[in-house]
Novice: 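I'd like to ask some things about the structure below.
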Amino acid sequence: MPPRSILAGCGGYLPERIVTNDELSRTIDTSDEWIRERTGIRQRHFAAAHETTAFMGTAAAAAALADAGAHAADVDAIILATSTPDQAFPASALRVQAALGVTRGFGFDLSAACAGFIYALSVADGMIRAGQVRGVLVIGSEVYSRILNWQDRGTCVLFGDGAGAVFLRASTGVDDDRRGVLSTHIHAQGTLGDILYVDGAVGQPDKPGHLVMHGREVFRHAVTRLAEAVDEALAANGLGHADIDWLVPHQANSRIINAMGKKLGLPPERVVVTVDRHANTSAASVPLALAEARADGRIKSGDLVVLEALGGGLTWGSALVRL
Ligand code: UT7
């Protein structure tokens with residue numbers, strides 16, 4: 001039987017600086033009331049100059065390795081999902097590799113916006129199942145505070161910075177064969193690229209780029225696509241809503257998260273929510289939420305967890321994991 005990917009450890013990192021809605025409303029035409037009512041966000045973390053994607057990714061990855069009881073020598077590959085890399089190249093994944101003292105294997109960055117972690121998990125799982133690697137760090141790390149348009153109150157209040165990571169290892173004969181990543185399902189629709197994008201890049205003259213979003217349209221797609229992706233994951237495994245122990249969703253808006261929880265018939269206490277404290281940390285949001293719920297003991301070994309996310313591209317996907 002081919003190996004499975006066991007989710008052996010989780011870790012997260014948040015910048016020290018916390019910025020409340022009230023603090024934002026001192027310089028932006030907004031209010032704590034509007035932000036909380038429309039999104040559920042109360043505060044977010046913003047990175048200091050030294051807290052780059054690679055720096056935060058390294059901290060989250062080190063925590064995931066420690067949680068797994070694993071070491072740098074166990075890492076064959078590092079896949080880092082980000083839209084805000086430190087540099088065009090080398091990949092931020094390789095800055096992490098160097099910082100962790102990993103001296104072999106390979107690594108690369110993956111660009112799929114807020115769905116990046118689900119995409120990276122899918123790629124890592126495929127490589128483990130194929131026997132190409134045995135230990136993979138899958139990281140989501142973002143500094144969206146560097147690409148926000150502070151003149152656009154419809155987007156600049158929604159995002160925060162942070163990193164989350166998991167360490168996946170190939171199963172061995174002694175592992176319970178129900179554990180691990182059961183399946184991943186990733187999708188994209190490039191024709192919807194203009195509803196959520198960054199209007200520049202390193203390759204564009206004088207245009208580093210700012211985030212642009214048509215929020216209502218993204219909201220509409222999020223509610224339908226994410227529900228489809230979760231049902232697709234359950235159907236692929238012959239499982240139903242009643243089998244789910246935990247939903248760990250992308251943290252963009254508490255209204256989307258609540259709608260998903262209801263569709264799945266899950267009580268609120270079975271849905272992991274961090275958007276109130278982290279805001280939307282894009283590719284970092286799912287692994288950060290997972291790390292928090294593992295660390296505080298809510299998600300236990302043996303629990304069936306659904307992960308889902310949707311982002312610019314449009315990209316979206318889901319994963320079913322038994323811890
Ligand atoms: O992570 C990637 C995936 N992203 C998402 O899933 C985000 C999906 N979209 C959303 O979460 C919501 O669409 C938003 C939170 C972005 C916006 O909520 P909305 O209920 O769709 O509001 P809206 O953009 O339609 O704006 C409603 C009103 C407007 O005023 P008028 O035209 O009705 O007078 C805006 O000008 O709210 C106003 N507004 C604000 N007011 C105070 C927009 N931003 C703000 C603000 N503070 N920050």
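Whatever order the structure lists them in is the order used to number ligands and atoms, beginning at 1. Because the structure is a prediction, the values reported are computed rather than measured.
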Novice: What I'd like to find out is whether the side chain of V75 reaches to under 4.5 Å of the side chain of F167, using heavy atoms alone.
Specialist: yes
Novice: Hey, does H250 have a side-chain heavy atom less than 4.5 Å from the side chain of F117?
Specialist: no
Novice: Counting N and O atoms only, with roles assigned by atom type, does the side chain of N280 sit under 3.5 Å from a partner on the main chain of N253, one being a donor and the other an acceptor?
Specialist: no
Novice: Nearest 0.5 angstrom please: W246 CH2 to R298 CZ, how far?
Specialist: 5.5 Å
Novice: Is it the case that the side chain of Q251 and the backbone of V272 share a donor-acceptor pair, with hydrogens and angles ignored and the cut-off at 3.5 Å?
Specialist: yes
Novice: With a 4.5 Å heavy-atom cut-off, do T281 and R44 have their side chains touching?
Specialist: no
Novice: Any side-chain heavy atom of L80 sitting closer than 4.5 Å to one from T53?
Specialist: yes
Novice: Side chain, backbone, both or neither: which applies to L158 and ligand 1 if a contact is any heavy-atom pair less than 4.0 Å apart?
Specialist: side chain
Novice: Mind checking whether N280 contacts ligand 1 via backbone (N, CA, C, O), side chain (CB onward), both or neither, at a 4.0 Å heavy-atom cut-off?
Specialist: side chain
Novice: G154 heavy atoms, cut-off 4.0 Å: which ligand 1 atoms fall inside?
Specialist: 44 (N)
Novice: Under 4.0 Å and counting heavy atoms only, is there anything from the protein next to atom 47 (N) of ligand 1?
Specialist: yes
Novice: Linking I/L/V/M/F/W/Y whenever their side-chain heavy atoms sit closer than 4.5 Å, directly or via other members, would V273 and I18 fall into one cluster?
Specialist: no
Novice: Which ligand 1 atoms, with their elements, are less than 4.0 angstrom from a heavy-atom of L196?
Specialist: 2 (C)
Novice: Can you check whether V271 reaches I257 side chain to side chain, under 4.5 Å on heavy atoms?
Specialist: yes
Novice: Identify the protein heavy atom lying closest to atom 14 (C) of ligand 1, giving its residue, its atom name and the separation to 0.1 Å.
Specialist: N253 ND2, 4.5 Å
Novice: Who gets closest to atom 25 (O) of ligand 1 by heavy atom: Q251, R255, H221, R216?
Specialist: R216
Novice: What protein heavy atom sits nearest atom 4 (N) of ligand 1, and how far off is it?
Specialist: V218 CG1, 3.5 Å
Novice: Determine, counting only non-hydrogen atoms of the protein, whether one lies under 4.0 angstrom from atom 6 (O) of ligand 1.
Specialist: yes
Novice: What atoms of ligand 1 come within less than 4.0 Å of a heavy atom belonging to V157?
Specialist: 48 (N)
Novice: Where is the nearest protein heavy atom to atom 19 (P) of ligand 1: which residue, which atom, and how far?
Specialist: R38 NH1, 3.6 Å
Novice: Should Q151 and H210 be marked as a side-chain contact (heavy atoms from CB on, under 4.5 Å) after you check the CA-CA gap, both sets of side-chain angles, and the distance that decides it?
Specialist: CA-CA 10 Å; Q151 311 308 317; H210 288 120; over 6 Å; no
Novice: Can you list the ligand 1 atoms lying under 4.0 Å from a non-hydrogen atom of I256?
Specialist: 6 (O)
Novice: Is ligand 1 under 4.0 Å from a heavy atom in the side chain of F219, in the backbone, in both, or in neither?
Specialist: both
Novice: Specify side chain, backbone, both or neither for I35, according to which of its non-hydrogen atoms lie closer than 4.0 Å to ligand 1.
Specialist: neither
Novice: May I ask you to identify the nearest protein heavy atom to atom 37 (O) of ligand 1, giving residue, atom name and distance to one decimal place in Å?
Specialist: W34 NE1, 3.1 Å
Novice: Measure the shortest side-chain to side-chain distance between N21 and I41 over non-hydrogen atoms and say whether it is less than 4.5 angstrom.
Specialist: yes
Novice: Output the list of atoms in ligand 1 that are nearer than 4.0 Å to some heavy atom of T39, sorted by atom number.
Specialist: 15 (C)
Novice: Using a distance threshold of 4.0 Å (strictly less than), state whether atom 29 (C) of ligand 1 has a protein heavy-atom neighbour.
Specialist: no
Novice: Please compare R153, E33, E217 and report which has the shortest non-hydrogen distance to atom 38 (C) of ligand 1.
Specialist: R153
Novice: Which of parallel (below 30°), tilted (30 to 60°) and perpendicular (above 60°) describes W316 and H187?
Specialist: parallel
Novice: Relative to the heavy atoms of H250, which atoms of ligand 1 are at a distance of less than 4.0 Å?
Specialist: 1 (O), 2 (C)
Novice: What protein heavy atom sits nearest atom 9 (N) of ligand 1, and how far away is it?
Specialist: G215 O, 3.0 Å
Novice: State, with a plain yes or no, whether a side-chain heavy atom of P15 is found less than 4.5 Å away from one of M56.
Specialist: yes
Novice: Only one of R169, R134, R104 forms a salt bridge (charged side-chain N to carboxylate O under 4.0 Å, His left out) with D76, so which one is it?
Specialist: R104
Novice: Under 4.0 Å from a heavy atom of T30: give me the atoms of ligand 1 that qualify, with their elements.
Specialist: 42 (C), 46 (C), 47 (N), 48 (N)
Novice: If you scan the protein for heavy atoms around atom 33 (O) of ligand 1, do you find one that is closer than 4.0 Å?
Specialist: no
Novice: Relative to the heavy atoms of C114, which atoms of ligand 1 are at a distance of less than 4.0 Å?
Specialist: 1 (O), 2 (C)
